[in-house]
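Just below is one structure, and these are the notes that go with it.
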Amino acid sequence: MLAVSLRPGPSLAAFPASARRSPVPFLLFPARLHHRPLLLSATAEGTGAPAGQGDASASPVDEALLPQFTADWEAARAGKDQRRIFTLPVLRANSGGLIVRFNSLQGFVPNPLLSPVHWCKDPKKPIQDITKDLVGTSISVKVAEVNEEERKLVFSEKDASWSTYSSQIKIGDIYDGIVGSVFPYGAFVHLRFPDGLYHLTGLVHISEVSWDLVQDVQDFLNEGDAVKVIVVNIDTAKSRIALSIRQLEEDPLLETLDKVIPLEADQSPDRMMSPSEVELLPGLDGICNELLQEDGITDVQFGRQASEKRVVSQDLELWLSNAPAKDNKFTLLARAGRQVQEVYLTTSLDQEGIKKAVQRVLGRVP
């Protein structure tokens, strides 16, 4: 089913900064707890984590180690610039995340920047218990922030996972997933890969949750729910994946047209109607006139009308039916609120060409 809507589609540019238990795609940096740089510890564990994330107190600096510290800060900056992946040992865990060793320095991995692979092993388990189990292991990370003056060295396991696994994802791929954080605009879903682990997270926008009108995402999805999703967009520049649940379900509109409108003996489902015979949805007449200005579209006519049992959208939407074309005639399905209207296009365009033509028209119509 190809669809074009008058309202904006799922946006990938509004991922929030919220520190929920389940990892979500945003960057959270440890707060600076001192107004002056912290002293580096000369212990065997090294340094680099602000107070409250590493040791409870900072020890005096061993000047003999300063050249090593300087070299390691430079190595961290170079690693960030080169987008290198490091495998680092986990030294400790606290309520905010993990402390890892980077040569002579200590770095911090905030809970929201951990890979979903950990949380998805047991979604009901508190994140603090999960991170405690990681102490003594090693994790793959990328450098997220380097600030030598403030002694802040932040790593992201999620960025490393994206670099490793994003090339395996394609638009149209279907995944089993686990719902992580749920927000008013949508839900983040962790994707299960062929190895059985959950390496990446995508967003199911509120408009892609269900064919029903969704006013509260939590009426449909809750943290820990198992779902099946399809990839509808990939933003490699921002490391974001857009997902859909409803596009894996049959459009209930087609069933509505077949069952809500009983056909009489002398009535054909392809019967054309003039504008005077139907009360068009607001704005539809102008859109159809604009469609006639598009190259390859030679005629626009109206078919059956229906009233749906449920409100799918309050906005006017146009959907290109996946029903096969007859005599170069394609069917558009227009709906707003509970009203449904068939629109027939006579055109030499294929389905993709029609979709682009409709998108151009919608971009011109206020």
Side-chain angles (χ1 to χ4, degrees), residues 12-13 15-20 22-32 45-50 53-54 69-94 96-121 127 130-131 134-169 180-181 188 190-191 193 195 197-203 234-241:
L12 298 178
F15 286 72
S18 170
R20 293 286 296 272
S22 172
V24 294
F26 70 96
L27 208 57
L28 174 67
F29 296 136
R32 184 181 179 185
E45 289 185 342
T47 58
Q53 294 165 2
F69 294 152
T70 300
D72 289 339
W73 281 110
E74 182 59 34
R77 284 190 290 269
K80 185 177 187 299
D81 293 340
Q82 298 167 10
R83 301 178 180 179
R84 287 183 56 193
I85 295 177
F86 297 95
T87 300
L88 304 181
V90 178
L91 302 178
R92 292 180 302 283
N94 60 31
L98 299 175
I99 291 86
V100 295
R101 181 205 298 275
F102 181 77
N103 299 330
S104 65
L105 306 177
Q106 287 181 10
F108 187 61
V109 185
N111 287 334
L113 297 188
L114 290 171
S115 166
V117 68
H118 310 299
W119 179 79
C120 289
K121 291 178 181 178
I127 188 65
I130 293 172
T131 53
L134 295 176
V135 175
T137 68
S138 295
I139 60 175
S140 296
V141 296
K142 295 178 75 171
V143 181
E145 183 188 21
V146 182
N147 190 326
E148 184 176 0
E149 180 182 355
E150 296 186 3
R151 298 298 183 259
K152 289 171 65 175
L153 181 56
V154 182
F155 294 93
S156 171
E157 189 182 25
K158 293 183 70 174
D159 288 350
S161 294
W162 176 269
S163 296
T164 303
Y165 294 98
S166 62
S167 61
Q168 301 180 24
I169 297 181
S181 302
F188 290 97
H190 309 309
L191 305 180
F193 278 68
D195 61 4
L197 301 178
Y198 297 80
H199 296 291
L200 298 179
T201 303
L203 174 68
I234 302 171
D235 189 335
T236 55
K238 296 181 179 180
S239 304
R240 292 170 180 170
I241 306 167

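Here, residue 1 is the first one in the sequence, and each next residue gets the next number.
Of the possible polar contacts, one joining the S163 side chain to the D159 backbone as a donor-acceptor pair under 3.5 Å is found. Checking side-chain atoms of D235 against main-chain N and O of R240 turns up no donor-acceptor pair under 3.5 Å. Using a distance-only test at 3.5 Å, with no hydrogens or angles considered, a donor-acceptor pair links the side chain of E157 to the main chain of S115.
Minimum heavy-atom separation, A93 to L98: CB-CD2, 3.7 Å. The nearest pair of heavy atoms linking V135 to V90 is CA-CG1, 3.8 Å. Heavy atoms only, all atoms of each residue included: S138 and T87 are closest at CB-CG2, 3.8 Å. The two residues V146 and V143 make their nearest non-hydrogen contact at CG2-CG1, 3.3 Å. When all heavy atoms are compared, the tightest approach of T201 to P116 is OG1-CG, 3.5 Å. Here the closest heavy-atom approach between residue H118 and residue L114 is recorded as CD2-CB, 4.3 Å.
Here T164 contributes atom OG1 and Q168 contributes atom CD; the two are 9.0 Å apart, rounded to the nearest 0.5 Å. Separating the OG atom in S140 from the CD1 atom in I85 is a distance of 6.5 Å, to the nearest 0.5 Å. With values rounded to the nearest 0.5 angstrom, N111 atom CG is found 5.0 Å from I127 atom CD1. Note that the CG atom of L191 and the CD1 atom of I169 stand 5.5 Å from one another [nearest 0.5 Å]. I139 CD1 to F155 CZ: the interatomic distance, rounded to the nearest 0.5 Å, is 9.5 Å. Atoms CZ and CG, on R151 and L105 in that order, are 9.0 Å from each other to the nearest 0.5 Å.
At a threshold of 4.5 Å between non-hydrogen side-chain atoms, the residues N103 and F86 do not count as touching. Counting heavy atoms from C-beta outward, F108 and L153 have side chains that stay 4.5 Å or more apart. Counting only heavy atoms from C-beta outward, the side chains of V154 and P110 approach each other to under 4.5 Å.
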Evaluation steps, side chain to side chain contact (heavy atoms under 4.5 Å, CB included), between V100 and L91:
CA-CA 5 Å; V100 295; L91 302 178; 5.9 Å; no
I would like to know whether T236 and I234 meet side chain to side chain contact (heavy atoms under 4.5 Å, CB included); could you show each step before the answer?
CA-CA 6 Å; T236 55; I234 302 171; 4.0 Å; yes
Run the side chain to side chain contact (heavy atoms under 4.5 Å, CB included) check on K142 and R84 step by step: do they pass?
CA-CA 6 Å; K142 295 178 75 171; R84 287 183 56 193; over 6 Å; no
Carefully, step by step, assess S156 and V109 under the rule side chain to side chain contact (heavy atoms under 4.5 Å, CB included).
CA-CA 6 Å; S156 171; V109 185; over 6 Å; no
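Looking at R77 and E148, a side-chain N of the basic residue comes within less than 4.0 Å of a carboxylate O on the acidic one, giving a salt bridge.
Partners of H199 according to the ring pair (Phe, Tyr, Trp, His ring centres under 6.0 Å) rule, which considers only residues two or more places apart in sequence or in another chain, are Y165, F193.
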